[in-house]
Protein chains: 2
Amino acid sequence: MPYDPAAFPPFAVTVDLVVLTVRRHELCALAVRRGEPPYQGRWALPGGFVRAEEDLTAAAARELNEETGLRAHDPGSSAAEAHLEQLATYGDPQRDPRMRVVSVAHLVLAPDLPSPTPGGDAHSARWAPVDTLIAGPGGTGREEEQPIPLAFDHDRILSDGVERARSKIEYSSLATAFCPSEFTVGELRRVYEAVWGVVLDPRNFHRKVTGTPGFLVPTGGTTTRQGGRPAQLFRAGGATLLNPPMLRPEV
Amino acid sequence: MPYDPAAFPPFAVTVDLVVLTVRRHELCALAVRRGEPPYQGRWALPGGFVRAEEDLTAAAARELNEETGLRAHDPGSSAAEAHLEQLATYGDPQRDPRMRVVSVAHLVLAPDLPSPTPGGDAHSARWAPVDTLIAGPGGTGREEEQPIPLAFDHDRILSDGVERARSKIEYSSLATAFCPSEFTVGELRRVYEAVWGVVLDPRNFHRKVTGTPGFLVPTGGTTTRQGGRPAQLFRAGGATLLNPPMLRPEV
DNA sequence: CTGTTTATCGTCAGTGAGACGACTATGATC
DNA sequence: GATCATAGTCGTCTCACTGACGATAAACAG
């Protein structure tokens, strides 16, 4: 194909973020309320335009920091860290009524933030349980109420992000991205239970995660913040791939 | 962020294709020779600009058909079919020296084509063993020769595509996309061996694939095209996910 | 002190994978 | 035609891992 600067149509390129965390035993996603048309007043995923000289990952990290104060996981940063990875790209010609927009969606897994409302504006952003945003895989959204659809094609993007997170914690140590830097086996188990929406056997889970080399390293400390007998504290080990994987119970 | 049509920079959006097949027991990728600068004369992945009113997947399917005559796997099409899925998006500001280009890479898994050269122009396209294009995971490229780098960031795109294919045949029935519509267990095993670069035990492999419900359905016919005792012919079953997965041997 | 909660260790049976022996059915070769 | 090489198919044995679940430990609440 010959090079002709006039031969290709111009696109707007954006990044959208699926930011997931676990709050009160529920998988939650960050949603922002749109202030202007289209979809004015509807909830949407955070995102924005990629700048002229900005890498896609950098744009996603910048938007994440603007919305939540979180930093993407860069070795060398000591701020609150989150896992960030590219999810997929959505480019249906009709997905934005204003113009042709291609959105590169990114997935962020963050620990539960102490701040009750992410970002600065409490009215425009919230953590919403994913069950209230999209219908679950097995049935309707919880409480029999159908969720109000997100703006644009963000329902699909969120679904894809949740599914990616659900499958990825099976064979990687990514579930630790939902935990603070030090955590107990029980806290990690509750992450799996919230993300998968299942109940796991504490004894088998304990055997699995402590028996997988490189997954968890004990810090020596203990805590009773979950009540009951004091539990050992761990931090994430160097292993990123779990082999054999953690098995998600059958439905 | 307020809507201002002048506030976002224009991007060119392209699709690039990682087209993989298995030829003579080797995993091969489709490469085209660039006819003009930049990187004139170098090998590159096939691809092209997304049209103004064209979906990303449609653009990838169109480019695939233009280059190889293959059709993406659409139910209802009887042409030679291939699996097509989105791979990842590459948007480094410096990746194309001419302008800001965001490329949505797609992965295509195709059966070995009877035509010796894909597409029409034998001089500009070829199937190249991936080992001759990128260094293998365990060491150098084969024959101790360092491969000539592909144009742009296509080395990375190809590596990502190959890695996706290698991991995806573990837990899905996607390896059948490399096979003709009817194939034997041995032919499927040779696909795994070529993609992973390993040798698998024929007896354990046979037990695994024939014992997984929905993976293979016998057609009733047999063939001796591989020599030896006649082998049953199968076609791909409806199952797409393999549970438990096919295990890739340790290195 | 008793009950409750959570953590942790152990046991046992069943599933599945790796290693590998044995047999079968074809074509090639002497 | 006998023999050999090749590829396919069935079985067996062992080990690792999982799921189910009993038992004990260490905290706190009443």
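Since we're looking at a predicted model, the values are computed, not measured. Chain identifiers are assigned alphabetically (A, B, ...) following the order of the sequence lines, protein sequences preceding nucleic acid strands; residue numbering begins at 1 within each chain. Note that these values count all heavy atoms, side chains included, but never hydrogens, waters or copies made by symmetry.
Note: CD (Glu187(B)) to P (dT9(D)) measures 11 Å, nearest angstrom. Rounding to whole angstrom units, CZ of residue Phe234(B) and P of dG8(D) are separated by 11 Å. Between the CG atom of Leu188(B) and the P atom of dG8(D) there is a distance of 11 Å, given to the nearest Å. The distance from atom CG of Leu200(B) to atom P of dC20(C) is 15 Å, rounded to the nearest whole Å. Distance Asp201(A) CG to dT6(C) P: 14 Å, rounded to the nearest Å. Going from atom NZ of Lys208(B) over to atom P of dC20(C) covers 21 Å, rounded to whole Å. One atom, CD of Gln226(B), and another, C1' of dT9(D), lie 16 Å apart when rounded to the nearest Å. Computed from coordinates, the Leu242(B) CG to dG16(C) C1' distance equals 14 Å when rounded to whole Å.
Side-chain atoms of Asp112(B) do not come within 3.5 Å of backbone N or O of Arg23(B) as any donor-acceptor pair. Remark: the backbone N or O of Thr219(A) is not paired with any side-chain donor or acceptor of Arg235(A) at under 3.5 angstrom. Side-chain atoms of Thr68(A) never come within 3.5 Å of backbone atoms of Asn65(A) as a donor-acceptor pair (strictly under, hydrogens ignored).
At a cut-off of 3.5 angstrom, counting only N and O atoms as typed in the model, there is no donor on one side facing an acceptor on the other between the side-chain of Arg207(A) and the base of dG10(C). Residue-to-nucleotide contacts include a donor-acceptor pair under 3.5 Å from the side chain of Arg203(B) to the base of dG21(C). At a cut-off of 3.5 angstrom, the base of dA7(C) holds at least one donor-acceptor pair with the side chain of Arg229(A). At a cut-off of 3.5 angstrom, the base of dG8(D) holds no donor-acceptor pair with the side chain of Arg189(B).
Here dT9(D) is the nucleotide among dT8(C), dC17(D), dT9(D) with the atom lying nearest to any side-chain atom of Pro202(B). Residue Leu247(A) has its side chain nearest to dT18(D) when only dA19(C), dT18(D), dT26(C) are considered.
Across the interface with DNA chain C, nearest-nucleotide mapping of Asn204(A) and Ala231(A) shows Ala231(A) to be the residue nearer the 5′ end. With the nearest nucleotide of DNA chain D identified for both Pro230(A) and Met246(A), Met246(A) has the one nearer the 5' end.
At most 12 non-hydrogen atoms from other residues, nucleotides or ligands lie less than 6.0 angstrom from CZ of Arg24(B).
Among the heavy atoms of the strands lying under 4.0 Å from Arg190(B) are primed sugar atoms or P, OP1, OP2 only; no base atom is included.
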- Task: With side chain to side chain donor-acceptor pair (under 3.5 Å) as the test, would you mind laying out the steps for Asp16(A) and Tyr90(A) before giving the verdict?
- Result: CA-CA 10 Å; Asp16(A) 284 324; Tyr90(A) 301 83; over 6 Å; no

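Note on His206(A): a side-chain N or O is less than 4.0 Å away from OP1 or OP2 of dT8(C).
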